[in-house]
Amino acid sequence: MDTSTRNGKFMAQIVAMLDEAYAEDIAQRTQGGMAYRKGAGQERWAATPFGTVRNEEGFLKPSDGGAWFIPETGQFLKGAHDEPLTEGAVWRSYYLCAGYILRIFRREPGWA
């Protein structure tokens with residue numbers, strides 16, 4: 001889109017209006033969905049963060065889920081920590097994986 005021409009500027013304005021309308025529509029839908037869930041008695045309307053589950057009181061705790069790294073094939077296979085799949089397999093917790101990813105983003109330039 002060439003914004004140095006009259007037609008290019010016009011197209012940029014049209015796209016901006018459509019983007020603004022889309023953002024308002026998403027905001028209204030989100031607010032409506034939250035109001036519906038609150039009215040239905042659901043206290044939580046957000047997804048549970050990766051690597052966590054909720055306990056009986058509704059608080060977050062680390063999940064027991066994870067995957068086994070199989071060095072011979074380089075694959076990750078979902079499985080419980082108490083059941084090794086093969087000799088030399090290494091357990092990787094989803095909870096610890098989420099923490100590792102957050103530490104990478106914290107050190108990465110440009111990430112707040």
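Within 6.0 Å of CZ on F50 lie more than 12 heavy atoms contributed by other residues, nucleotides or ligands.
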Would you give me the side-chain donor-acceptor pairs under 3.5 Å for residues 69-77, sequence neighbours excluded?
residue: T73; atom: OG1; partner: Q75; partner atom: N; Å: 3.3
residue: T73; atom: OG1; partner: Q75; partner atom: OE1; Å: 3.3

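The shortest side-chain heavy-atom distance between Q31 and M34 does not fall under the 4.5 Å cut-off. At a threshold of 4.5 Å between non-hydrogen side-chain atoms, the residues T52 and S63 do not count as touching.
Checked by atom type and distance alone, the side chain of Y94 pairs as donor or acceptor with a backbone atom of G66 at under 3.5 Å.
Applying the salt bridge (charged side-chain N to carboxylate O under 4.0 Å, His left out) test to every pair with at least one member in residues 7-19, sequence neighbours left out, gives no pairs at all.
Hydrophobic side-chain contacts under 4.5 Å tie I26 into a cluster, directly or through other members, with Y22. Hydrophobic cluster of L96: the remaining members, joined at side-chain heavy-atom separations below 4.5 Å, are Y95, listed by chain and number.
Shown here are the ring-ring contact (aromatic ring centres under 6.0 Å, His included) partners of Y100, two or more places apart in sequence or in another chain: there are none. For R29, the salt bridge (charged side-chain N to carboxylate O under 4.0 Å, His left out) partners are D25, not counting sequence neighbours.
Note that the CG atom of N7 and the CZ atom of F10 stand 8.5 Å from one another [nearest 0.5 Å]. Atom CD1 of I14 is separated from atom CE of M1 by 10.5 Å, given to the nearest 0.5 angstrom.
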**OP:** Kindly determine whether L60 and V53 satisfy side chain to side chain contact (heavy atoms under 4.5 Å, CB included), including the steps that lead there.
**Re:** CA-CA 6 Å; L60 292 174; V53 293; over 6 Å; no

Original post:
Could you go step by step and tell me if D2 and S4 meet the side-chain hydrogen bond (donor to acceptor under 3.5 Å, both in side chains) rule?
Top reply: CA-CA 6 Å; D2 182 7; S4 66; 2.6 Å; yes

